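Here the structure is a predicted model, which means the values were calculated and not measured. Throughout, protein chains are lettered first and strands after them, A, B, ... in sequence-line order, and every chain is numbered starting at 1.
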Amino acid sequence: MLKKKPFPIVRTLSAWGVALLLFFPLFWLGITAFKTEAQAIAAQLFFTPTLASFVEVQERSNYLLFARNSLITSLGSTIIGLLIAIPAAYSMAFFPTKKTRDILMWMLSTKMMPAVGALVPVYVMAQTAGMLDSLPALVIVFTLSNLPIMVWMLYSAFKEVPKDILEAVRLDGATVWEEFRWVILPLTMGGIASTGLLCLVLSWNEAFWALNLTSANAGTLASLIASYSSPEGLFWAKLSAASLMAIAPIIVFGWFSQKQLVQGLTFGAVK
Amino acid sequence: MSFLQLRGVEKIFGDHKVIKGVNLDIEKNEFIVFVGPSGCGKSTLLRMIAGLESIDGGSLHVDGRDITHLPSSQRELAMVFQSYALYPHMTVYDNMSFALKLAKVPADEIRRKVEDAADKLNLTPYLKRTPKELSGGQRQRVAIGRAIVRAPKIFLFDEPLSNLDAALRGQTRVEISKLHRALGVTTIYVTHDQVEAMTLADRVVVLRDGMVEQVGAPLELYDKPANQFVAQFIGMPSMNIVKAAQLSQFGALAGQAANRVPADGLIGVRPEGVRVLPVGSAGVPGKVELIEALGADTLIHVDVMGTPMISRQAERTHLHIGDPVSLEFDLNTLHGFDKAGRMVSLA
Amino acid sequence: MSFLQLRGVEKIFGDHKVIKGVNLDIEKNEFIVFVGPSGCGKSTLLRMIAGLESIDGGSLHVDGRDITHLPSSQRELAMVFQSYALYPHMTVYDNMSFALKLAKVPADEIRRKVEDAADKLNLTPYLKRTPKELSGGQRQRVAIGRAIVRAPKIFLFDEPLSNLDAALRGQTRVEISKLHRALGVTTIYVTHDQVEAMTLADRVVVLRDGMVEQVGAPLELYDKPANQFVAQFIGMPSMNIVKAAQLSQFGALAGQAANRVPADGLIGVRPEGVRVLPVGSAGVPGKVELIEALGADTLIHVDVMGTPMISRQAERTHLHIGDPVSLEFDLNTLHGFDKAGRMVSLA
Amino acid sequence: ATDLVIATVNNGHMITMQKLTKFFEAANPDVKVKWVTLEEGVLRQRVTTDIATKGGQFDVMTIGLYEAPIWSKKGWLAPINTDAAYDVDDLLPAIRSGLSQDGKLYAAPFYGESSMTMYRADLVKAAGLTMPANPTWTDMANIVAKIHDPAKGVYGLCLRGKPGWGDNMAFLTTMVNTYGGQWFDMAWKPQIDSKPWHDAISQYVDLMKKYGPPGASANSFNENLALFNEGKCGVWIDATIAASFVSDPKQSKVADKVAFTQAPTAVTPKGANWLWSWNLAVPASSKKPELAQKFITWATSKDYVNLVAKEEGWIAVPTGTRKSTYANADFQKVAKFAPEELKAINSANPTDSTLPKSPYVGVQFASIPEFQAIGIAVGQQMSAALSGKVTVDAALKTSQTAAEREMTKGGYYKK
Amino acid sequence: MSRFLPRALMAPSIVTLFLWMIVPLVMTLYFSVIHYNLMQPGETGFVGLENFHYFITDPDFWPSVMHTIQLLGSVIVITVVLGVGLALLVNEPFPGQGIVRVLLISPFFVMPTVNALLWKHMMMNPIYGVLAHVWQFFGLTPIDWMTDYPLLSVIVMLSWQWLPFACLIFITSLQSLDREQMDAAGMDGATRFDKFWYLVLPHMGRSIAVVVMIEMIFLLSVFAEIFTTTGGGPGNDSTNLAFLIFKQALMNFDVGVASAGALFAVILANIAAVFLIRMVGKNLD
Ligand SMILES: Nc1ncnc2c1ncn2[C@@H]1O[C@H](COP(=O)(O)OP(=O)(O)OP(=O)(O)O)[C@@H](O)[C@H]1O
Ligand SMILES: Nc1ncnc2c1ncn2[C@@H]1O[C@H](COP(=O)(O)OP(=O)(O)OP(=O)(O)O)[C@@H](O)[C@H]1O
Ligand SMILES: [Mg+2]
Ligand SMILES: [Mg+2]
């Protein structure tokens, strides 16, 4: 890289252009949440913001309960998922056998059955276990349905680790745990973070099971949205406010973890 | 029973055998050097001893214990990789202290050991850098440092000094030698540098194409190579080889060897055994092909009726390319080989 | 005007200057060798010429054209990287043919060139492999092959032979030399191998800590080092150095130098200028510290009342460590240096 | 405290009920009411899954007029025992009969609705026309043609277009009814390829293509309401419940310009107005039937109507269930649409809504389990016809085949 | 490493996933051969392959298979191609790089339902939508997206949602690209495109494979977005297989036919997966 390259003006402009374009719908959602219903429909850009919609949403439903449920289920399933998926991916990436690829495919194939197709069986299972409308049920379902994806992503992240670094660490006398903790984890932080985030986002946004397996106690924000999606009349501002409240935590979290996410392997010491 | 025993060790990559049944006994505290042409399997053999490559045939014993299938983390080895294999996310200090940290060595002892090693390797100013901020030679030194801070059962070095300058190489060589004497750790060392091989080794193992050609003390290999390959591989520049069939042109040489070397055999003479005399002197006539002045030595390449001969002399020369010269040979250090390249005694 | 001009070239990494104002003129078709201690900035300088590192100060001209800020893809260079930088997912053949393919060279010409280069580098059996299936030396050869198939304006080699065995190194060195003569391409070559430096270079550039210490023909550097650093850096083993203050103990040496070298200066004598004689002979008394038998040569380390001296001799020795000996010096090849290390004429 | 879990739809009246639950809880301190508020389609999915698998997640379910008879016939619902104070006879008869089985009430109506015409009096007047009290489709076509003015952002006619048996088919069924059509004849043979269907759908597609808003095939109640409130519709025929919204100045820009009349008729007035109600029911599997009953009778009582009136005003009371509500003077004062609504509801008869005799119950639907699938399939075809993707004839033909398939599958007759 | 440990490490995933797969699968298999309508749960009976017959002879079936493939293909192509492009665009430093990356990945955090509502109402609505305003600004007749281009609308929404995911994975992958190789290629005379084609793309192979596989799995089962926006219409113009199954299961409540459909979807997904594995599989090791 030459330092005194001309200022990357074209790249800067196009990157910003595309980013703003892609972000625009969200921006629009954001500002609509602060409009009155009339302004919302008139597609105005300038208006005096109001918090009325947020107040209304909070009045109607216990936002905090849903948010808490979302937090518990998505964090829970992410953590449990990582705990199960990391060892599996580690084992497949670093001790591959002839069957590894088949196992990977099989794992993915467990996700091929459309959720709707499995609704009744799962519903009956949950009911038999007495776990309808309970957070553990959601955590289990989220974890299991994200597990294949997590194993896949982690597998691909682990595969990027150069072989001889692993060899070096084994020679240094590291146990499996130490090897993971001190070398693989820091080297694949980006991949693990993206996987965790993906799982978090998927759980947070999961609507089908969240809706169908819960009623009054265990609903998540995604199921909260279902009660706003089509009330009588198009209350766009209210809908936007509810949506914003539902996605804001995860977006903010995503923004903060951005650095970890895009961090790839840092090479340079491998000849 | 010897400390490290390799019995018919084999390695197969895909469909070709890379290590073809190596037998080797290494004593405790010995310093063994592996030499051999590029690609002959030195690294592979080292990595098999380290447990980084599976052993596809034969067995490996350490201290009488079969460790053929023991994972490398339990073999208590320290190794310098040919590719360094530094931890890219750790500083030089962390790279070097990592194994000690794992071994739960007290912090101050770690610090002492690492700083000591860094000092010996001229790395002190770089302890806070990450590998990618280092020069090639500095990286290599970190790789060495990482190995030598430890007190393993066996040291494995894979061309550890290849990227160092002559002075530093000499200095580091001395450090490794000292370390070996101080710790008495069995050491296996791969190198292409003849000086390293000659000065460090208790015994040198010459490998060729996955097989052991000869094992012996350095001078033993130099003076009594088991075959033409070893004779030519050890010594720089290589030993001159004359076909017995062409010996008639080589005067005195012919006389000395004729009755001992088979008619389809070969005669070898080291460059320092070849003296270049002004044309007309008694000797074998030839023509100067190339002159290489190395400073202390001068190498003169001479063509003797199609057979290339190299002479090495301590003096500078005034000869020029194309000059006709006479060659004289030191008849005491001739080597004879039969058709298959096996050594034939000339005594 | 010379072909390649470096004018006050500087490089800063973070907050330290790594290249501190290098001025260098390189003629068309010249073969320049960079030598210097590990970490002195050879690779960095090479990479700056290649356009891989920005030039933070000074300028770089090729053929009179300022290319200080030209991107490397437009500089028409070929380079062998110290770290090889092979394309991991391409076969050896593809690695070597990549540049030609991009240059839209006809397919059969590519094939011919690559096979030719592979043949010279003993790589023919490995053309279908990917880099990770190669030994260290084989990878290095691929890196060389990748550069030499091309016909660039400038060749840059960064320690290209460090992982090759002596025989192959000699052979490849000859190929590089031939290639240089055949194509007449300006070549810059980094090495730690003195033999390479001496045999390949038209001129050698000695770097130290980001600065040029001396530029000159190989033997010029050997015979007339500009300062103590160059004197000690060139030549293996290093030149022996005696402080003028201690000269009184060195008999004949003292007589020769006393009046020319300042009282706080130094006297240097090459190991081949030191002869070890049996104890009692006329000469300076000393004690054998270490003996290194390299085969053709023997290095004898002698301690002369605290000053270490190395002698290099062509004969084997029967001495043992601790034996008392006498040293004699070749008075014609002494080097004198002042306090700052600058050369002082003794003639 | 005991939890009482109630599944309900997210309509305005239900939201109000949710807010007022505190009064119920105050009266019953040991009860904690928990709400699961869902959009209509999702609610139907949830409660059906739950009741069919005996999941038992809900103590009270909000169900429609469509499910009530099917489920009660199957014995999935517990009968509602009413006391004198509840005054069961006050319930509008059309609705009550739809919810009763063998004289027993299986679900209590919370609010009911029919359909009617809402129109912009100002535009009609400006066009020099008058809206008849009982307009025919011919009248309607005339009027919308005149007031259609897209340049000013006014589209003559807004009708449902989004596919779904509760969406476009609810409206289209009433239209077919009044054109003299029916879903099935007495042999359960689908009649979709018959002439009345053809006439009705052709009229619908023709009018909408000429005078409808863009994107009509994705519009349902909500979208049309928004359009109407924005002043973009001249005429809108839809649920009576919309009346209170369009005449609410807080939401509607045209609150003072809107007027109401009956839904248009063609060959027959029979079945031109639909009948729907949202009802509260107790699943037979409920573990707290008494408590659930208690809540239901509270929420559908006269007292509750009064409570809403007191808390939110008469404009917000749930309508369409009780005669007493319509009789209330305060209510009449604020609800100028009330007479038309009552008239519409009373004119609807689920058991006799088609010109030819039909074997099914329901005005804008047929209360058989297979109807959902058929309604959805046909709805899809109608929206395709509306968007111009297929011709009306093709759409009807496809629909007929789909309906026959479904009925065959349902075992109504051998092929 | 003994042979035991790798297996022990995999066991929890494999065992749980196996249970998670096998129980519903067996039940679904069972449901698929009986008559089972949620509205008439008592009236079950063995019907053989009738459910499959009904599912496959549904007039919406073949169109929905086609739509599924179109949807899958377009979204994957769009997200991978644009994702790679965007990743390259933001990979090297420029002013505001961090913010741009944040903006780029944001849409991924949006719930599918919100995504659908957002696009349907606020973006693509032909009267009020932002796009309509843009069209009007340029004096054009606003496009009636949901009616005239229903499948395209769904594709746009899904691409908007999945592009950030692809982009994120690709950015991470680009970070581990060895600079020296790029340098070497530069000296070999490679243009930007050459570098991209011969080095960057092969390097990203594994990431692309993973993105493609993951997206495939998710896109095969997309129905919420369709349900919320076009409702599968007009006609069946935006009905995909998942929506068709959804319709059978939760709108018609016919669990039998839905189960048959679900099994069919599994088969289709496996076929697609085998194809994809052929194409991208070798990048996995
Ligand atoms: N990215 C970097 N950041 C900071 N310092 C660096 C960086 N790269 C190189 N250096 C330092 O610059 C100096 C010169 O490095 P360079 O690689 O040019 O050395 P060299 O002469 O090639 O050494 P060697 O013979 O060991 O390869 C070294 O001290 C090195 O530590
Ligand atoms: N993964 C592999 N797959 C196939 N062949 C391999 C693989 N690794 C090494 N080889 C081959 O095995 C042989 C021995 O390799 P090894 O690395 O042991 O050589 P070496 O003696 O260390 O050479 P060098 O001196 O060049 O480092 C070489 O010919 C090499 O090409
Ligand atoms: Mg090697
Ligand atoms: Mg270097």
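- Looking at E/Ile105, only its side chain comes within 4.5 Å of chain A, counting heavy atoms on both sides.
- Nearest heavy-atom pair, E/Leu118 versus A/Pro25, reported as atom, atom and distance to 0.1 Å: CD1-O, 3.6 Å.
- The side-chain heavy atoms of A/Leu22 and E/Pro164, taken from C-beta on, include no pair separated by under 4.5 Å.
- Within the 4.5 angstrom heavy-atom criterion, no atom of E/Tyr30 approaches chain A.
- In this structure, the portions of E/Met122 lying under 4.5 Å from any heavy atom of chain A include both its backbone and its side chain.
- Heavy atoms closer than 4.5 Å to chain A are found nowhere in E/Leu82, neither backbone nor side chain.
- For a residue to count as touching a neighbouring chain, one of its non-hydrogen atoms must lie under 4.5 Å from one of that chain's; by this rule A/Thr32 touches chain E with the side chain only.
- Counting heavy-atom pairs under 4.5 Å between each of A/Leu198, A/Thr100, A/Leu119 and chain E puts A/Leu198 at the top.
- E/Leu17 and A/Leu144 make their closest contact through CD2-O, 3.6 Å (heavy atoms, listed as atom of the first residue, atom of the second, distance).
- Only the side chain of A/Leu197 has a heavy atom closer than 4.5 Å to any heavy atom of chain E.
- Heavy atoms closer than 4.5 Å to chain A are found in the side chain of E/Met216, but not in its backbone.
- Shown here for E/Ile14 and A/Trp106, the closest heavy-atom pair between the two residues is O-CH2, 3.7 Å.
- Shortest non-hydrogen contact noted between E/Phe108 and A/Asn205 is O-ND2, 3.9 Å.
- The candidate with the highest count of non-hydrogen atom pairs below 4.5 Å against chain A, out of E/Ala249, E/Ala262, E/Ala269, E/Ser13, is E/Ser13.
- Here the closest heavy-atom approach between residue A/Met153 and residue E/Val210 is recorded as CG-CG1, 4.0 Å.
- Going from atom CE of A/Met112 over to atom CD1 of E/Ile217 covers 4.0 Å, rounded to the nearest 0.5 Å.
- Panel note: side chain A/Trp16, backbone E/Pro95; a donor-acceptor pair is recorded below 3.5 Å.
- Looking at residues two or more places apart in sequence or on another chain, you find no salt bridge (Lys or Arg N to Asp or Glu O under 4.0 Å) involving E/Glu225.
- In terms of non-hydrogen atom pairs under 4.5 Å with chain A, the most contact-rich of E/Gly186, E/Pro24, E/Ala260, E/Ser221 is E/Pro24.
- Here the straight-line distance linking atom CG of E/Leu103 with atom CG of A/Leu26 works out to 9.5 Å at 0.5 Å rounding.
- When the candidates A/Pro121, A/Ala118, A/Gly117 are compared by the number of heavy-atom contacts under 4.5 Å with chain E, A/Pro121 comes out ahead.
- Comparing E/Ala265, E/Ser259, E/Ser106 by heavy-atom pairs within less than 4.5 Å of chain A, the highest count is held by E/Ser106.
- Judged by distance alone, with hydrogens and angles left aside, the side-chain atoms of A/Arg11 form a donor-acceptor pair with the main-chain N or O of E/Glu92 at under 3.5 Å.
- Ring-centre distance between A/Phe208 and E/Phe223: below the 6.0 Å cut-off.
- Contacts of E/Val90 with chain A are made by side-chain atoms alone, with heavy-atom separations under 4.5 Å and no backbone atom involved.
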